[in-house]
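Scroll down for the structure; my scribbles are underneath it.
Fair warning: this is a prediction, and the values are worked out from it, not measured in the lab. Below, each value reflects all heavy atoms present in this structure, side chains not excepted, and no hydrogens, waters or symmetry copies.
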Amino acid sequence: MKKWSIVLLSLMLIAVLAACGNNKKSDSGADNSAGAPRTVELKVGASPTPHAEILESIKPALEAQGIRLQVVTFNDYVQPNQQLEDGKLDANFFQHQPYLDVQNKERGFHLVAVTPVHVEPFGGYSKKIKSLDELKDGAKVAIPNDPSNGGRALLLLAKKGLITLKDNTNITSTKQDITANPKNLEIIELDAAMMPRQLDEADLVFINSNYALEANLNPAKDALLIEDLQGNPYANILVSREDNKDADAIKKLAEALHSEDVKKFIKERYQGAVEPAF
């Protein structure tokens, strides 16, 4: 009887130790005895083109480093920042620094730039005219309604002498800053995502390059007026929160976006419509 009690106690002890070992493996997410790395999930919000396409191109490189990248696409410029602030995303990639600065100020966000990745030259397009010389008195001009991108459009109009602004260096200029409008242009402010649809309505439409590309427009070839790439302050940036900007996975994501493979991908795929900023 005593012998059977010892055997029973031994079997119970083995079962308990085995259960503890299984729990340890489950908590780590990997078999530590085999030395397998733990996989980290990284959720990044992005505009479909070119941002999400660039992110998709680096998935294998990140997977090899133990990072599973989930790309969440957005067709607007509001939700990616709101969801990042709320912790539903780990990072986003769709905007430039002037836009981020305005969003942080106006919405009380705590978002920070991690690194610049590429530049998308902003331009004005038309289906109704072939050159700016054809722009008639009272022509309709559609510009984005957010301060930073609307300012970009006004600065381009001022550079071409179509309007005069109080300060031709103020990147957040608004319609109220126009001091002269010799052609009596009717400037319409609309959400940036709506700009491609205005090509059938307005005489001149200013479109962010990600939306231009989605509408099969190449800024380098199709824009009637376009920003210079040299000294352009609108590089699109990887953005995270203050509380996770130094996380190892975010650093690895930034490194992957600055690789020679990404530079090659951008140059070959977008043919001048998008340029690396590194």
Side-chain angles (χ1 to χ4, degrees), residues 46-57 73 75-77 93-96 98-99 116-136 139-146 148-163 171 183 185 187-188 190-237 257 260-278:
S47 296
T49 305
H51 310 79
E53 295 170 352
I54 294 171
L55 289 169
E56 290 289 342
S57 77
T73 58
N75 290 312
D76 70 286
Y77 289 162
F93 175 36
F94 75 97
Q95 65 194 313
H96 49 66
Y99 183 82
V117 180
H118 70 263
V119 178
E120 300 175 17
F122 183 76
Y125 303 80
S126 180
K127 284 186 176 180
K128 299 189 176 185
I129 60 174
K130 299 296 184 182
S131 73
L132 293 178
D133 294 336
E134 299 176 22
L135 204 60
K136 297 179 180 179
K140 289 184 178 181
V141 178
I143 69 172
N145 62 4
D146 64 272
S148 56
N149 288 311
R152 294 170 83 178
L154 295 175
L155 289 178
L156 277 173
L157 288 171
K159 185 176 181 180
K160 293 297 182 179
L162 293 168
I163 60 171
I171 62 176
K183 282 186 174 286
L185 300 177
I187 299 176
I188 306 164
L190 296 166
D191 184 86
M194 297 178 62
M195 290 296 109
R197 283 175 274 172
Q198 293 303 306
L199 286 168
D200 292 323
E201 305 295 331
D203 300 286
L204 183 63
V205 182
F206 286 88
I207 308 175
N208 289 80
S209 287
N210 61 301
Y211 293 129
L213 289 169
E214 289 175 25
N216 295 318
L217 295 168
N218 185 320
K221 299 176 182 179
D222 300 321
L224 295 185
L225 66 168
I226 194 168
E227 290 173 337
D228 294 328
L229 287 176
Q230 193 69 29
N232 192 303
Y234 301 104
N236 280 217
I237 51 180
L257 286 170
E260 287 301 312
D261 285 342
V262 166
K263 184 177 287 187
K264 182 180 179 181
F265 178 86
I266 290 173
K267 286 186 169 293
E268 290 183 355
R269 187 175 184 92
Y270 303 110
Q271 300 291 309
V274 181
E275 288 290 341
F278 58 93

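- Residue Asn236 comes nearest to Phe94 through the heavy atom pair OD1-O, 3.4 Å, listed as atom of the first residue, atom of the second, then distance.
- Nearest heavy-atom pair across Ser57 and Val262 is OG-CG2, 4.5 Å.
- The two atoms that bring Ala277 and Val119 nearest to each other are CB-CG2, 4.0 Å, heavy atoms only.
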Could you go through the side chain to side chain contact (heavy atoms under 4.5 Å, CB included) check for Val205 and Arg197 one step at a time?
CA-CA 9 Å; Val205 182; Arg197 283 175 274 172; over 6 Å; no
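- In this structure, Asn208 contributes its side chain and Asn210 its backbone to no donor-acceptor pair below 3.5 Å.
- Side-chain atoms of Lys128 never come within 3.5 Å of backbone atoms of Leu135 as a donor-acceptor pair (strictly under, hydrogens ignored).
- The aromatic ring centroids of Tyr77 and Tyr211 lie less than 6.0 Å from each other.
- Contact record, Ile187 with Leu154: CD1-CD2, 4.1 Å, taken as the closest heavy-atom pair.
- Taking both residues in full, the closest heavy atoms of Val117 and Phe278 are given as O-CD2, 3.3 Å, listed atom of the first, atom of the second, then distance.
- Of the possible polar contacts, none joining the Ser126 side chain to the Leu204 backbone as a donor-acceptor pair under 3.5 Å is found.
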Side chain to side chain contact (heavy atoms under 4.5 Å, CB included) evaluation trace for Asp146 with Asp191:
CA-CA 7 Å; Asp146 64 272; Asp191 184 86; over 6 Å; no
Do Glu275 and Glu120 pass the side chain to side chain contact (heavy atoms under 4.5 Å, CB included) test, and can you show the C-alpha distance, the side-chain angles, and the key distance before you say yes or no?
CA-CA 7 Å; Glu275 288 290 341; Glu120 300 175 17; over 6 Å; no
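- With Glu227 contributing its side chain and Phe122 its backbone, the two residues share a donor-acceptor pair below 3.5 Å.
- With respect to Lys183 and Asp203, no salt bridge is recorded, no charged nitrogen being found less than 4.0 Å from a carboxylate O.
- For the pair Ala220 and Ala273, the tightest heavy-atom approach, listed with the atom from each and the gap, is CB-N, 4.4 Å.
- Other residues, nucleotides and ligands contribute at most 12 non-hydrogen atoms within 6.0 Å of the NZ atom of Lys140.
- Here Phe93 and His118 bring their ring centres to under 6.0 angstrom of each other.
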